[in-house]
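A short write-up of the structure that comes next.
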2 protein chains.
Amino acid sequence: MIVGQQSRGRPATRVPAGEKFSARRMLPQISEATTNRLSVYLRCLNELDAEGIRTVSSKMLAERFDLNAAQIRKDLAHFGELGVRGVGYYVRDLKRQLRHILGLDRRLKVAIMGAGNLGLALADYPGFFREGFRIAALFDNFHEKIGQHSRAGVPIYDIKDLRKITVRERIMIAVIAVPLSSAQTVVDKIVAAGIKAILNFSPGALRTPEDVKLKTVDLTVLLESLSFYLARGNGAADA
Amino acid sequence: MIVGQQSRGRPATRVPAGEKFSARRMLPQISEATTNRLSVYLRCLNELDAEGIRTVSSKMLAERFDLNAAQIRKDLAHFGELGVRGVGYYVRDLKRQLRHILGLDRRLKVAIMGAGNLGLALADYPGFFREGFRIAALFDNFHEKIGQHSRAGVPIYDIKDLRKITVRERIMIAVIAVPLSSAQTVVDKIVAAGIKAILNFSPGALRTPEDVKLKTVDLTVLLESLSFYLARGNGAADA
DNA sequence: TTTTGTGAACTAGTTCACAGCT
DNA sequence: AGCTGTGAACTAGTTCACAAAA
């Protein structure tokens with residue numbers, strides 16, 4: 001692939017089919033699936049590094065972690081020539097590169113909306129937030145809770161102060177752990193506070209502006225999907 | 001998006017193209033994406049039903065809930081002629097059908113492995129388990145916890161008794177909320193107890209037999225993926 | 001008419017296979 | 001030799017567009 005062409009200052013209102021670079025920032029468009037795998041690769045590399053392994057080939061990675069070698073190479077190749085032909089990838093080096101690509105070299109701060117059971121559990125979950133993240137705040141609107149801390153010491157603030165704390169603490173990601181009934185309201189507040197990335201645990205669809213990234217973990221959908229599998233797998237359609 | 005389980009090397013029992021299923025054994029293969037959407041459709045129908053709406057067309061559903069009309073029709077058509085041409089779908093009727101298809105008319109019982117913060121939060125999360133599920137048990141190996149209950153009253157059992165309780169209570173789904181270090185061990189116990197569907201919150205890959213359905217919610221991957229989008233500035237909405 | 005159900009067309013994503021570099 | 005990076009081939013998934021039915 002020839003990369004030089006995109007620097008011609010083309011207005012690029014409409015991206016021709018097959019064009020690899022988005023109009024917006026001239027960066028190649030990376031699919032959700034690829035993004036998720038980058039995170040998986042980083043975890044694998046951490047494991048290899050801990051074992052003292054210095055270099056790894058895509059084939060080795062694929063066999064050990066049940067992935068596809070060509071896919072690993074293709075995913076990584078989006079970000080330049082990260083490997084060395086005839087050798088493979090330097091574990092330490094690739095780790096560092098991936099951490100940079102994923103933006104994990106910035107110690108991103110996270111706020112959790114809702115200091116209920118789930119919010120508090122997420123705030124304190126050890127090993128949930130690996131390297132690169134810090135839970136800086138919990139937010140709630142229940143007066144009894146405001147001013148308290150989670151067991152691990154995350155302070156609970158009034159949701160009214162979201163914008164102020166967000167600016168002060170430089171919070172970049174919000175996690176939604178509030179009941180469905182207030183989820184959209186909370187999203188609107190998050191957006192108004194200038195946060196651009198949201199991880200949502202409430203069920204159902206939420207509206208966000210174009211430039212805010214929303215990821216939803218819908219536990220109901222997950223569970224119902226498992227139920228579907230059981231209903232079919234059993235062959236016990238009628239019982 | 002949720003990083004599903006890589007079901008690598010599944011020979012994918014091929015149904016001849018165009019062949020319609022006739023018996024229970026020859027069920028059409030339904031994709032993960034379709035399965036998840038069925039759950040979403042059911043939620044939409046519940047909302048419409050609550051508003052007293054009696055019939056709905058795929059177009060109406062699509063516009064209101066930001067879906068694609070053809071996709072709705074195609075998804076539903078897998079399960080027979082659920083609609084009426086010129087009319088649309090009868091809300092109540094389709095709801096009932098979907099509940100049956102998803103196996104929600106059986107009140108499935110769920111066990112949660114790990115009575116830590118996350119396990120307890122999941123056990124009591126209101127509105128998490130909508131219609132069709134019941135959290136029947138928590139399991140842990142920490143003696144202090146065994147014999148206690150969650151705040152909402154879910155009993156905590158010794159993980160040694162998993163098989164016994166599973167049989168007695170007819171538990172069909174297990175949720176993994178234990179630390180990574182013991183996740184594989186717990187999976188093995190779940191499998192040995194005869195449970196065929198697992199929702200996993202621990203990071204990393206787990207091995208399960210062919211006939212056990214595993215869905216993983218990897219919070220680290222989700223968060224790192226959000227970090228990636230922030231690092232690039234590619235905004236985009238969720239699905 | 002309206003709206004479903006569905007082949008066809010299209011799009012996205014994965015895997016193959018090999019040219020080219022070390 | 002070994003292994004990456006990548007076009008080509010393939011597979012899965014989505015959307016279109018229209019015939020068939022109410």
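Residue numbers start from 1 in every chain, and the chains themselves are labelled A, B, ... in the order their sequence lines are given, proteins ahead of strands. Just so it is clear, the values below take in all heavy atoms, side chains as well, and ignore hydrogens, waters and symmetry mates.
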Problem set entry | Residues that A:T35 engages under side-chain contact (heavy atoms from CB on, under 4.5 Å), provided they are two or more places apart |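 With neighbours one apart ignored, the set is A:I30, B:S225, B:F228, B:Y229.
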
Rounded distance in Å - [atom1] ([X]) to [atom2] ([N]):
X: A:H78; N: D:dT4; atom1: NE2; atom2: P; answer: 17 Å
X: A:I30; N: C:dT14; atom1: CD1; atom2: P; answer: 12 Å
X: B:D75; N: C:dG5; atom1: CG; atom2: P; answer: 12 Å

Counting just side-chain N and O atoms, does [X] come under 4.0 Å of either OP1 or OP2 of [N]?
X: B:N68; N: D:dT15; value: yes
X: A:R37; N: C:dT14; value: yes
X: A:Y89; N: D:dG5; value: yes

Which part of the nucleic acid, if any, lies within reach of [X] when heavy atoms closer than 4.0 Å are counted: base, sugar-phosphate only, or nothing?
X: B:L82; result: sugar-phosphate
X: B:K59; result: nothing
X: B:T34; result: nothing

Looking at [options], which one has an atom nearest to any side-chain atom of [X]?
X: B:V84; options: D:dA22, D:dT4, D:dG5; answer: D:dA22
X: B:Q71; options: C:dA17, D:dT14, D:dC18; answer: D:dT14
X: A:K74; options: D:dG7, C:dT14, C:dT3; answer: D:dG7
X: B:A70; options: C:dG5, D:dA17, D:dG5; answer: D:dA17
X: A:R73; options: D:dT6, C:dT14, D:dC3; answer: D:dT6

With a sphere of 6.0 Å drawn around [atom1] of [X], does it hold more than 12 non-hydrogen atoms of other residues, nucleotides or ligands?
X: A:K196; atom1: NZ; value: yes
X: A:Y90; atom1: OH; value: no
X: A:R54; atom1: CZ; value: no

For this session: Would you kindly compare A:G86 and B:L76 by the position of their nearest DNA chain C nucleotide and give the one closer to the 5′ end?
Result: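 Per heavy-atom nearest nucleotide, the more 5' residue is B:L76.
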
Exercise. Going by modelled atom types, is there a donor-acceptor pair between the base of C:dT4 and the side chain of B:R85 at under 3.5 Å?
Worked result: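 It does, because a donor-acceptor pair links the side chain of B:R85 to the base of C:dT4 below 3.5 Å.
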
For this session: Report the C-alpha distance between A:K59 and A:E63 in whole Å, list the side-chain angles of each, state the deciding distance to 0.1 Å, and finish with yes or no for salt bridge (Lys or Arg N to Asp or Glu O under 4.0 Å).
Result: CA-CA 6 Å; A:K59 184 155 170 287; A:E63 277 164 11; 3.5 Å; yes

